[in-house]
There are 2 protein chains.
Amino acid sequence: MDRLDRKILRLLQEDSTLAVADLAKKVGLSTTPCWRRIQKLEEEGVIRKRVALLDPAKVNAQVTVFVSIRTSAHSHEWLKRFSEVVVDFPEVVEFYRMSGDVDYLLRVVVPDIAAYDNFYKRLIQRIEIRDVSSSFAMQQIKYTTELPLDYLVVDGGRSSDS
Amino acid sequence: MDRLDRKILRLLQEDSTLAVADLAKKVGLSTTPCWRRIQKLEEEGVIRKRVALLDPAKVNAQVTVFVSIRTSAHSHEWLKRFSEVVVDFPEVVEFYRMSGDVDYLLRVVVPDIAAYDNFYKRLIQRIEIRDVSSSFAMQQIKYTTELPLDYLVVDGGRSSDS
DNA sequence: TCCGTCCATGGATCGTCTTGATCGCAAAAT
DNA sequence: ATTTTGCGATCAAGACGATCCATGGACGGA
């Protein structure tokens with residue numbers, strides 16, 4: 001994993017439709033070794049998958065709600081079922097177990113407040129939850145799937161190269 | 001926008017490397033009209049872009065921190081500068097303006113707590129912020145870039161088809 | 001010096017994309 | 001009832017990119 005791999009990852013995170021030849025040119029390699037590096041990154045699982053990102057507004061899923069859940073002392077069974085139920089909802093796009101005050105945090109995506117209410121009802125109908133609190137996002141100022149590559153350990157030192 | 005478009009979107013959200021011919025087969029079309037639909041969805045901006053998703057652990061960015069920011073009455077200038085500064089950090093992968101108690105919510109991705117501390121210092125060094133509170137995620141139970149397509153308005157009624 | 005690793009280059013093959021043309025069906029319009 | 005219109009199916013063909021192989025050269029370490 002060196003500076004060149006990092007460049008490749010940076011570019012593919014932005015646009016995975018780039019042709020290998022173009023990618024190679026930008027990275028400063030010829031196509032064959034560039035192609036091999038991509039293969040390796042995929043084999044190693046550094047590149048997990050390639051997906052299409054949709055416009056939330058265009059698919060009528062423009063409202064984000066963060067749902068904080070507190071759950072004082074529950075059985076292992078409950079936790080298991082809780083996870084399964086939550087993960088099943090396509091509206092739940094992120095789901096974290098947290099430290100501190102809140103136990104679980106969900107990011108839920110819906111068209112509007114009415115749809116969120118409906119989602120909420122369906123959720124608490126499928127599993128009993130103690131303490132729930134919802135916060136609505138007014139605006140999504142940044143959303144990216146690009147992970148920072150600054151922390152990658154490269155063998156050639158920490159060149160913070162483009 | 002009909003049931004077939006929805007199927008196409010569903011599949012491309014999962015895996016954008018699917019060949020048009022295979023996609024067409026799964027959708028129940030022949031390749032040419034399927035290809036034309038994909039083009040249209042891209043022109044219309046329903047499909048925003050195609051990207052590679054990386055494994056957070058493999059790029060040393062496995063820790064998620066949610067940062068809640070409260071900011072009692074600030075100037076428009078401050079808000080503008082605040083947004084610019086925050087968006088600039090590659091560690092900030094999501095950034096929302098919220099309703100209710102918290103004013104802004106960030107999702108920050110770093111390798112460990114030490115790196116978060118460093119990030120935090122760099123942030124408050126670049127802009128003065130009143131009230132900040134950080135919550136660490138212990139576990140990422142679900143993370144998907146797939147938006148729910150159940151709310152899409154299709155002309156052929158609400159067939160909740162595969 | 002010798003070896004191993006990595007790159008550049010060129011070429012060959014193969015699959016896929018992309019486009020155009022034509023035909024047929026079915027629903028909507030007149 | 002007939003026409004129009006809007007898909008989709010099918011066929012065909014050229015362009016393009018991915019993939020793989022073989023060769024030769026540069027560089028650093030043992």
Side-chain angles (χ1 to χ4, degrees), chain A residues 1-55 58-60 145 149 152-162, chain B residues 1-55 58-59 149 152-162:
Chain A
M1 184 78 79
D2 63 359
R3 188 176 95 265
L4 296 173
D5 288 316
R6 169 150 55 182
K7 271 193 184 180
I8 291 172
L9 291 176
R10 193 185 307 283
L11 290 163
L12 286 182
Q13 277 199 113
E14 287 174 18
D15 179 8
S16 66
T17 67
L18 255 179
V20 178
D22 297 343
L23 184 59
K25 199 173 302 172
K26 288 183 190 240
V27 168
L29 272 178
S30 60
T31 79
T32 304
C34 183
W35 178 80
R36 270 195 256 273
R37 279 167 183 265
I38 298 168
Q39 293 306 308
K40 191 145 83 70
L41 290 167
E42 277 174 348
E43 278 166 25
E44 288 169 348
V46 181
I47 296 175
R48 223 164 32 89
K49 61 197 302 203
R50 291 155 186 261
V51 302
L53 299 184
L54 309 187
D55 183 328
K58 300 255 167 69
V59 297
N60 203 25
T145 57
L149 298 177
L152 239 176
V153 248
V154 300
D155 43 33
R158 75 199 70 282
S159 72
S160 90
D161 211 325
S162 97
Chain B
M1 183 78 76
D2 62 0
R3 187 176 95 268
L4 295 174
D5 288 317
R6 172 154 47 186
K7 273 193 183 180
I8 291 172
L9 291 176
R10 194 186 306 283
L11 290 164
L12 286 182
Q13 279 200 112
E14 289 174 15
D15 179 8
S16 66
T17 68
L18 254 178
V20 178
D22 297 342
L23 184 58
K25 198 173 301 173
K26 287 182 191 244
V27 167
L29 274 176
S30 59
T31 81
T32 304
C34 182
W35 179 81
R36 279 193 238 272
R37 277 168 183 264
I38 298 169
Q39 293 306 308
K40 191 145 81 70
L41 290 168
E42 279 174 348
E43 278 166 26
E44 288 169 349
V46 181
I47 296 175
R48 225 165 29 90
K49 60 196 304 204
R50 292 155 186 262
V51 302
L53 299 184
L54 309 187
D55 182 328
K58 300 254 168 71
V59 297
L149 298 177
L152 239 177
V153 249
V154 300
D155 44 33
R158 78 201 69 283
S159 71
S160 89
D161 211 326
S162 99

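We use all heavy atoms of the structure for the numbers below, so side chains are in, but hydrogens, waters and symmetry mates are not. Here the structure is a predicted model, which is why all the values come from computation and not from measurement. Convention: sequence-line order gives letters A, B, ...; per-chain numbering from 1.
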Original post:
Which whole-number value in Å describes the distance from A:Ile8 CD1 to C:dC6 P?
Top reply: 13 Å
Original post:
Which part of the nucleic acid does A:Thr31 contact within heavy-atom distance under 4.0 Å: base, sugar-phosphate only, or nothing?
Top reply: nothing
Original post:
Between C:dT16, C:dG10, D:dG17, which nucleotide has the shortest distance from any of its atoms to the side chain of B:Ala19?
Top reply: C:dT16
Subject >> Whole angstrom value for the distance that separates C1' of C:dA8 from NZ of A:Lys25 >> reply: 15 Å
Subject >> Length of the CG-P vector between B:Asp2 and D:dG6, whole Å >> reply: 16 Å
Original post:
Under 3.5 Å, side chain of B:Arg37 to main-chain N/O of B:Ile8, donor-acceptor pair present?
Top reply: no
Original post:
What is the distance from CG of B:Leu4 to C1' of D:dA9, rounded to the nearest Å?
Top reply: 14 Å
**OP:** Quick one: closest heavy-atom pair of B:Arg6 and B:Leu152, and the distance?
**Re:** NH1-O, 4.2 Å
Subject >> Spacing between A:Leu18 atom CG and D:dC16 atom P, to the nearest angstrom >> reply: 17 Å
Subject >> d(CD1, A:Ile38; C1', D:dC20) in whole Å >> reply: 15 Å
Subject >> Options C:dA8, D:dT19, C:dT18, nucleotide nearest the side-chain atoms of A:Leu29 >> reply: C:dA8
**OP:** Examine distances only and state if a side-chain atom of B:Lys58 and a backbone atom of A:Glu44 form a donor-acceptor pair shorter than 3.5 Å.
**Re:** yes
Original post:
Out of D:dA9, C:dA8, D:dG17, which has the shortest distance to the side chain of A:Pro33?
Top reply: C:dA8
Original post:
Of all the nucleotides listed (D:dG8, C:dT9, C:dA21), which has the minimum atom distance to the side chain of B:Arg36?
Top reply: C:dA21
Subject >> Given DNA chain D, 5'-ward residue of the pair A:Asp22 and B:Cys34, judged by closest heavy atom >> reply: B:Cys34
Subject >> Between C:dT18 (P) and B:Glu43 (CD): distance, integer Å >> reply: 12 Å
Original post:
OP1 or OP2 of C:dC6 less than 4.0 angstrom from a side-chain nitrogen or oxygen of A:Arg37, does that happen here?
Top reply: no
Original post:
Is B:Arg10 reaching over with its side chain to a backbone N or O of B:Leu149, donor-acceptor style, under 3.5 angstrom?
Top reply: no
Original post:
So, the side chain of B:Ser16 versus the backbone of A:Arg50: is there a donor-acceptor pair under 3.5 Å, distance only?
Top reply: yes
Original post:
Roughly how many Å is it from CD in B:Glu42 to C1' in C:dT18, rounded to a whole number?
Top reply: 13 Å
Subject >> A:Trp35 side chain near D:dA18 phosphate (N/O to OP1/OP2, under 4.0 Å) >> reply: no
